[in-house]
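See structure below.
Quick caveat: nothing in here was measured; it's all calculated off a predicted structure. Just so we're on the same page: letters track the sequence lines, and every chain starts at 1.
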2 protein chains.
Amino acid sequence: MAATIHDVAREASVGIGTVSRVINNSPRVKPATRERVLAVIDKLQYKPDPIARSLVSKRTNSLGVIVPFFTRPFFMELLRGVEIVSARLERELILYNVETNAQRDHYFSELPMRRKVDGLLIVSLTPGDAVSRRFQDAGLPVVLIDAYSPLFTSLVVNNVEGAYEAVKFLIEKGHRRIGFINGLIEGNFKFNQANDRLIGLHRAFGEAGLLFEPELVLTSEWSRMGGKQAALQLLSQQKRPTAIFAASDMQAVGVLEAAKELGILVPEQLSVIGFDGIEVSELLELSTIYQPVQAMGEQGAALLVELIDNPAKIPELIRFDTKLLERHTTGPALTPVTHSEEQGLPEGEASRLATRHLL
Amino acid sequence: MAATIHDVAREASVGIGTVSRVINNSPRVKPATRERVLAVIDKLQYKPDPIARSLVSKRTNSLGVIVPFFTRPFFMELLRGVEIVSARLERELILYNVETNAQRDHYFSELPMRRKVDGLLIVSLTPGDAVSRRFQDAGLPVVLIDAYSPLFTSLVVNNVEGAYEAVKFLIEKGHRRIGFINGLIEGNFKFNQANDRLIGLHRAFGEAGLLFEPELVLTSEWSRMGGKQAALQLLSQQKRPTAIFAASDMQAVGVLEAAKELGILVPEQLSVIGFDGIEVSELLELSTIYQPVQAMGEQGAALLVELIDNPAKIPELIRFDTKLLERHTTGPALTPVTHSEEQGLPEGEASRLATRHLL
DNA sequence: TCAGATCATGGAAACGTTTCCATTAAACTT
DNA sequence: AAGTTTAATGGAAACGTTTCCATGATCTGA
C-alpha cells in the first residue's frame with residue numbers, strides 16, 4: 001500500500017542504503033543524489049515506518065511516564081510540563097497511570113523487559129532496590145520526579161524547608177495550637193514526602209520552643225475528603241487548633257469545607273495553609289506553599305532525553321525551592337474563644353493580640 | 001541479551017512456529033508440548049518483543065488520543081475515562097496534546113501515515129473532509145468524542161438541550177435579563193458546541209417570549225480569565241443582567257470572580273450557571289449543567305477498541321444527556337437594586353461570609 | 001489393516017528498516 | 001599517467017516476530 005524504502009530506491013535508481021542515508025541526514029551522499037532521492041520521497045509521499053525503524057535501531061522515540069492518579073491537579077500540572085518538553089523534542093508520550101499497588105508493580109516489572117519506551121519518568125513513586133536493578137540491568141534510562149533514589153537522577157522539592165516555612169509562618173502569626181494534616185505515607189505508595197513535611201513541622205516547632213502535641217497531628221488520604229474528615233476531627237476537639245497546615249492543597253480544601261460546615265470562620269477563627277500551589281488554591285484564595293510543579297515536569301523530561309542520548313551520565317539530585325504564597329486563609333491568631341465570645345471581636349483586636357504574641 | 005523466540009524454541013526442542021502458537025494461545029498445540037514450552041518461557045523469562053510483533057502483525061496495541069488543552073479539567077476528566085478503559089483492555093495510551101492549529105494539523109496529517117497507534121480518539125475537534133478521507137484511506141479507526149462527523153462514530157452531549165435547560169431554569173426563577181457568555185467557535189478550533197449552546201438559549205428565549213438582546217451575549221476564551229473579562233463587561237452595563245449563563249464551568253468561575261470584584265453578591269444579586277460539571281464547580285457550589293464526561297471517555301475508548309477489532313462497523317452517533325445541577329449560585333430574580341439598597345442583607349450574613357471564603 | 005482425514009509441528013518467507021562491508025567512482029599526489 | 005587515498009554507493013544481513021505451507025504423526029471408520 002504505502003511506499004517503502006525499496007519503492008523509493010527503485011524509483012530513484014539508487015540503492016536502499018542511499019535512501020536510508022538520505023532519510024537520516026547522513027553527510028555521505030552526493031548533493032545531486034540527495035536531491036533526486038528527496039524528490040522521489042516527496043512524489044511517493046514516503047514516510048519511514050517507525051516500527052521497522054525501531055526494530056533495528058532499538059529506539060522508539062517515545063517517553064513513558066508512570067504517574068499515580070494522573071487526574072489529580074498536582075500530577076496534571078506536572079504532566080503538562082512533561083508534555084511541553086516531549087512535544088518540543090518530538091517524542092511520543094505514553095501514559096502509565098497507577099491507582100493501585102498491583103498496577104504499579106505491573107508497570108515496574110513489565111516496562112524494563114521490552115523497550116516500548118526509550119526512557120521512563122517516574123512520578124512520586126520510589127522504585128525499590130530490586131526494581132531499580134531491573135531498570136539498570138535493562139539499560140532503561142529513568143528519571144524520578146518528586147521522589148528520590150541515589151540510583152537515578154531525581155528532582156525533588158525541598159519538602160522539609162517548605163513545611164518548615166509554612167509552620168513558621170503560622171507561628172509568627174501568633175498561632176500556638178497548630179494542627180497538621182499529613183498525607184498517608186504508606187497508604188498506597190511510599191510517599192515519603194509526607195515524612196519530610198512532618199520533619200519540617202518539627203523543626204519549626206523546635207525552633208519556637210513549641211510543644212509537639214500528637215493529638216494535633218493527623219494523617220489522611222491525599223484528597224479533599226480525607227482532609228475534610230481529618231479537619232472535622234481536629235476541629236471538634238475541646239481545645240481546637242487555631243491554625244491547620246495541610247500537606248496538600250486538596251486536603252486544605254477539605255479543611256475549608258469542614259470549617260464551613262462547623263460554622264468556623266476562616267481566617268478569623270481558623271487559619272489554613274496548604275501545600276502545592278495548584279490552580280484551585282488560587283480560586284479559593286488559599287494560602288499555600290507553592291512548588292514549581294510544571295517546571296519540574298519540564299526539567300524532568302529534558303533531563304530524561306539527555307540521559308537517553310548519553311546513558312553514561314551520572315545521576316544527580318536536583319532540588320527545587322518552594323515559595324510561600326500568602327493569600328486569604330491565614331491570619332493572626334486569636335486567644336482561644338469560648339462559646340459566648342464567639343460572636344464578635346472588635347476591629348483591630350485580632351492584630352493587637354497577634355502583635356502581643358510576637359513581642 | 002534477552003531471550004528471543006529462537007532461544008525458547010531451541011531450549012524446548014520445538015520449532016519457532018510452535019512457540020509462536022503457544023504465545024498466541026493457538027489451540028493447535030498438544031497440551032504436553034505447550035507445557036514444555038511454557039516451562040522454558042518461564043525459565044528464560046521470555047517476553048515477546050512488541051516491536052517485532054507489530055512489524056508483522058500491523059498491530060501496536062496502543063490507542064492515540066488527540067485532545068486540546070488536556071490539562072483543563074473538562075479534558076482531564078474525559079481522559080480519565082479513556083485511561084480506565086485502555087488500562088483495562090491493556091492498551092497503551094499515547095497522548096497527543098493540541099494547543100495550536102499547527103499542532104492539530106501536524107497530528108492530523110502525521111498520524112494516519114505512521115501507524116503508531118491502532119486507533120485514534122479525537123476529542124472536541126472536528127476533522128475536515130480532507131483529513132477525514134486520509135484517516136479512512138489509511139484504514140485508521142477513529143472515534144470522535146464531543147465532536148460530530150457523519151464519517152466516524154461520534155459521542156456527543158446534547159448541547160442544545162443542555163443550554164435550553166439552563167436558560168429555562170433561569171427564566172423560571174424569574175430572570176428576564178439573562179447574559180450569555182459563550183465560548184469561541186473559531187477561536188482555536190471548530191468548537192461548534194458553542195453554536196449548539198447558543199441555539200439552546202434561543203429556544204428557551206423563544207419559548208418564554210423573551211427578546212434576544214445581542215448586547216447580553218458575549219464570546220470569550222473557554223477559560224477563567226475569558227469568562228471574567230466578559231462578565232466584567234456584561235456587569236458594568238447600565239442595565240446589567242440578573243443572571244449569567246456561561247458556556248463552561250471555567251468561564252462561570254471567571255464570572256464569580258468578576259462579581260466578587262464588583263461587589264455583586266451571588267446568588268442574591270446575580271445568578272450564575274455554568275456548563276460541564278467539573279470538580280471545581282462542586283467546590284464552588286456552582287450551579288451547572290453536568291455532562292457525563294468520564295463516561296463519554298470510557299465509552300469512546302470502548303467503542304474504539306470494538307472498531308479496531310471490527311473495522312467494518314458502521315459509524316454511529318451516540319448522544320448523552322446533560323443534567324441540571326442546582327447548587328448555590330442561582331436564585332430567584334430580584335428587581336434591579338439601586339446603590340442605596342446594596343448595603344444590608346440581613347439574612348444569612350454568616351453564610352455569605354462562608355461562601356466568600358470558598359471563593 | 002489401510003486409506004483418508006485431521007492434527008501437530010517445523011521452518012522459510014515476509015515485515016521495512018539500519019548497519020556494515022564490499023565495490024566502484026572520484027579526487028589527489030608525485 | 002599511474003598510484004594512492006577518499007568519497008559515494010549498492011545491497012546482504014540482521015532485528016524478532018507472525019504467517020503460511022509442507023510434512024509427518026495420529027486418528028477414524030469400514
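- The nearest whole Å value for the distance from the CZ atom in A:R34 to the P atom in D:dA8 is 10 Å.
- Between B:D7 and B:K43, none of the side-chain N atoms (NZ, or NE/NH1/NH2) sits under 4.0 Å from a carboxylate O, so this pair counts as no salt bridge.
- Rounding to whole angstrom units, NZ of residue B:K116 and P of C:dC15 are separated by 21 Å.
- With rounding to whole Å, B:L44 atom CG is found 14 Å from D:dG16 atom P.
- Atom pair A:D49:CG and D:dC15:P shows a separation of 19 Å (rounding to whole Å applied).
- Atoms CG (A:N61) and C1' (C:dT17) sit 14 Å apart, rounded to a whole Å.
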Subject >> Summary of protein contacts for nucleotides 18-26 of chain C, nucleotide by nucleotide, where a base hit scores B, a sugar-phosphate-only hit scores S (4.0 Å, heavy atoms) >> reply: BBB------
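- Residue-to-nucleotide proximity on DNA chain C shows that, of B:S13 and A:K47, the 5′-proximal contact is made by B:S13.
- Regarding A:H6, its NE2 atom lies at a distance of 12 Å from the P atom of C:dA14, rounded to whole Å.
- Not one side-chain nitrogen or oxygen of B:T4 sits closer than 4.0 Å to the OP1 or OP2 atom of D:dC15.
- Atom CG in A:L55 sits about 14 Å away from atom P in C:dC15, given to the nearest Å.
- Taking the screw axis at each terminus of the helix from C:dT1-D:dA30 to C:dT30-D:dA1 from five consecutive base pairs, the angle between the two is 30° to within rounding of 10 degrees.
- Without hydrogens or angle criteria, B:R36 side chain to B:A12 main chain gives a donor-acceptor distance under 3.5 Å.
- Residues B:A3 and A:G15 each lie close to DNA chain D; by heavy-atom proximity, the contact nearer the 5' end of the strand is made by A:G15.
- Remark: A:D137 does not engage A:R134 in a salt bridge, criterion side-chain N to carboxylate O under 4.0 Å.
- When atom types are taken as modelled, the side chain of B:S62 and the backbone of B:K116 share a donor-acceptor pair closer than 3.5 angstrom.
- Using a 4.0 Å heavy-atom cutoff across all strands shown, B:S54 reaches no nucleic acid atom at all.
- In terms of heavy atoms, B:R28 sits closest to B:R21 at O-CD, 4.0 Å.
- The separation between A:D7 atom CG and D:dG11 atom C1' is 16 Å, rounded to whole Å.
- Residue B:A147 comes nearest to B:S154 through the heavy atom pair O-CB, 3.3 Å, listed as atom of the first residue, atom of the second, then distance.
- Every residue meeting the side-chain hydrogen bond (donor to acceptor under 3.5 Å, both in side chains) condition with A:N97, not counting sequence neighbours, appears here in chain and number order: A:E99, B:E83.
- No salt bridge links B:K58 with A:D49; every basic N to acidic carboxylate O contact stays at or beyond 4.0 Å.
- Taking all atoms of both residues into account, the shortest heavy-atom contact from A:I5 to A:I16 is CD1-O, 3.8 Å.
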